[in-house]
Amino acid sequence: MTGLTKVVAMMAAAAVVGGAGLLAQVAAAMAQGYPTRPPTMVVPFAAGGPTDTIARIMAERMRQSLGQTVIIENVTGAAGSIGVGRVARAAPDGYTIGIGHWSTHVINGAIYPLNYDLLKDLDPVALLPANPQLIVTKKDVPATNLKELVAWVRANQDKISGGTAGAGSASHVGGVYFQNFTNTRFTFVPYRGSAPAMLDLVSGTIDIMCDQSTNSLPQVRANAVKAFAVTAPKRLASAPEIPTVDEAGLPGFYISVWHGLWVPHGTPKEIVAKLTAAAQDALADPAVQNRLAELGQEIPPREMQTPEGLGAFQKAEIEKWWPIVKAAGIKAE
Ligand code: MLT
């Protein structure tokens, strides 16, 4: 009998014999030695992209607190909804953790017929850092500022293509926002994450992206793509040369892609508490803070790095964004 089947058998026996009290004791026993083997963190986008980068920074530091390596598994497709589904259906034993963000855990619920419920089938662990997007293009676009870029897009819209991580992904919502704000149209090309999309932007196969700073800043610094604005009211401390959308001519075009950790619904509270503490330890570590700041990530206050903080924030974001996404006509193709 494997560890998991033993636990399931114990829980089934507890349910038959002793009801809730015994179930709680089994859950506490499960949590006591947790983790006895490496947990897996499911990243719902391609390796090397922004979600994957945050996952690896977190996993590396969480290992110290948990005493076990946290394995990263990239489960891609349908703007992250396949990977999130994998977490929702996994055993609630603490060995499957999901990382996701604003689009996977908010936007996707408005546009995909998901076979899981974002709130009922997943339990929140901790709110993680947020980063804005950069409006970026391939290097040889002739525009030198955002106003010129909008004029160039308008003059060439039949030929222009924009990269996304799939319908409903953060990069897709950013792209649709850009089109709506500027009254322009271009063709979207979906990828399994913004890492492969960025490769095609660097090679000039596609023309434009609204992409998280975590993914695009290294390419901007390498002079491989051009950045026109940051989708935030404040410039990034780590890239102060990039103007805000307000300064560059698209006032109010704000997008903040916040991240979070979730586990399958029903994971024992003691295990969730250990994961929350490990995430908080990671975010309090100055080395982690420096790496995140370099990528344009802003760390939420410690009281938000909790199940209650993430749960309340996610619900508020659903209430805010679902009507906006539906009104913008963003659909799963
Ligand atoms: C990724 O990791 O590829 C991104 O988070 C995708 C996106 O939503 O734009």
Side-chain angles (χ1 to χ4, degrees), residues 41-59 72-87 97-112 114 118 127-137 161-179 188-202 206 208-219 225 227 230-232 253-262 292 295-298 314 317 321 325 328 330-333:
M41 188 183 287
V42 175
V43 175
F45 293 104
T51 318
D52 185 72
T53 301
I54 302 305
R56 285 174 201 273
I57 292 173
M58 292 301 295
I72 299 291
E73 190 184 352
N74 299 86
V75 180
T76 65
S81 57
I82 302 209
V84 177
R86 165 82 70 87
V87 178
I97 309 160
I99 189 166
H101 61 45
W102 165 69
S103 80
T104 53
H105 287 72
V106 173
I107 307 295
N108 282 353
I111 71 163
Y112 283 94
L114 301 175
L118 281 170
L127 183 67
L128 301 183
N131 68 158
Q133 293 182 330
L134 298 184
I135 301 173
V136 282
T137 68
S161 56
T164 78
S169 62
S171 36
H172 182 234
V173 178
V176 172
Y177 241 52
F178 179 89
Q179 293 185 331
F188 287 115
V189 183
Y191 294 81
R192 286 188 171 262
S194 55
M198 178 52 74
L199 282 180
D200 273 1
L201 191 69
V202 169
I206 56 172
I208 188 165
M209 276 180 80
C210 291
D211 189 28
Q212 293 171 61
S213 61
T214 295
N215 199 45
S216 41
L217 264 183
Q219 300 304 335
V225 298
V230 55
T231 64
F253 179 178
Y254 304 143
I255 291 191
S256 168
V257 185
W258 51 266
H259 298 79
L261 291 179
W262 288 262
L292 291 170
L295 298 167
Q297 293 278 350
E298 197 167 329
Q314 184 186 4
E317 287 281 279
W321 283 98
V325 167
I330 299 174
K331 294 196 172 71
E333 275 115 36

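One-based numbering, in listed order, for ligands and for the atoms of each.
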Original post:
Any side-chain heavy atom of Leu127 sitting closer than 4.5 Å to one from Trp258?
Top reply: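 Of all side-chain heavy-atom pairs linking Trp258 with Leu127, at least one is under 4.5 Å.
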
**OP:** Can you label the angle between the Trp321 ring and the Trp102 ring as parallel, tilted or perpendicular, going by 30° and 60°?
**Re:**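 Because their plane-to-plane angle is over 60°, the rings of Trp321 and Trp102 count as perpendicular.
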
Original post:
Gly193 heavy atoms, cut-off 4.0 Å: which ligand 1 atoms fall inside?
Top reply: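 Checking each atom against Gly193, I get 3 (O).
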
Subject >> Which of the ligand 1 atoms, numbered from 1, are nearer than 4.0 Å to a heavy atom of Ser169 >> reply: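 Here the atoms of ligand 1 in question are 7 (C), 8 (O).
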
**OP:** Let me see the working for Gln133 and Asp211 under side chain to side chain contact (heavy atoms under 4.5 Å, CB included), right down to the final yes or no.
**Re:** CA-CA 5 Å; Gln133 293 182 330; Asp211 189 28; 5.8 Å; no

Original post:
Is the centre of the His101 ring less than 6.0 Å from the centre of the Phe45 ring?
Top reply: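 For His101 and Phe45, the ring centres are under 6.0 Å apart.
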
What protein heavy atom is closest to [atom], reported as residue, atom name and distance in Å?
atom: atom 2 (O) of ligand 1; value: Thr51 OG1, 2.6 Å
atom: atom 3 (O) of ligand 1; value: Ser194 N, 2.7 Å
atom: atom 9 (O) of ligand 1; value: Ser171 OG, 2.7 Å
atom: atom 6 (C) of ligand 1; value: Ala165 CB, 3.3 Å

Original post:
Between Gln219 (side chain) and Leu199 (backbone), is there a donor-acceptor pair under 3.5 Å?
Top reply: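 Here the side-chain-to-backbone pair does not exist.
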
**OP:** Indicate yes or no for a side-chain donor-acceptor contact from Asn131 to the backbone of Gly296 under 3.5 Å, with no hydrogens or angles considered.
**Re:**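 Looks like no, no N/O pair under 3.5 Å.
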
Original post:
Does an N or O from Ala170, backbone or side chain, lie closer than 3.5 Å to an N or O of ligand 1?
Top reply: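 The answer is yes, given that Ala170 and ligand 1 share an N or O pair closer than 3.5 Å.
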
Original post:
Is Gln212 near ligand 1, meaning one of its heavy atoms is under 4.0 Å from it?
Top reply: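 True for this residue.
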
Original post:
At the 4.0 Å heavy-atom cut-off, does Ala46 count as touching ligand 1?
Top reply: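 No, Ala46 has no heavy atoms under 4.0 Å from ligand 1.
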
Subject >> With Thr53, the side-chain contact (heavy atoms from CB on, under 4.5 Å) member among Val43, Leu295, Asn215 >> reply: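 Testing Thr53 for a side-chain contact (heavy atoms from CB on, under 4.5 Å) against Val43, Leu295, Asn215 leaves exactly one candidate, Leu295.
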
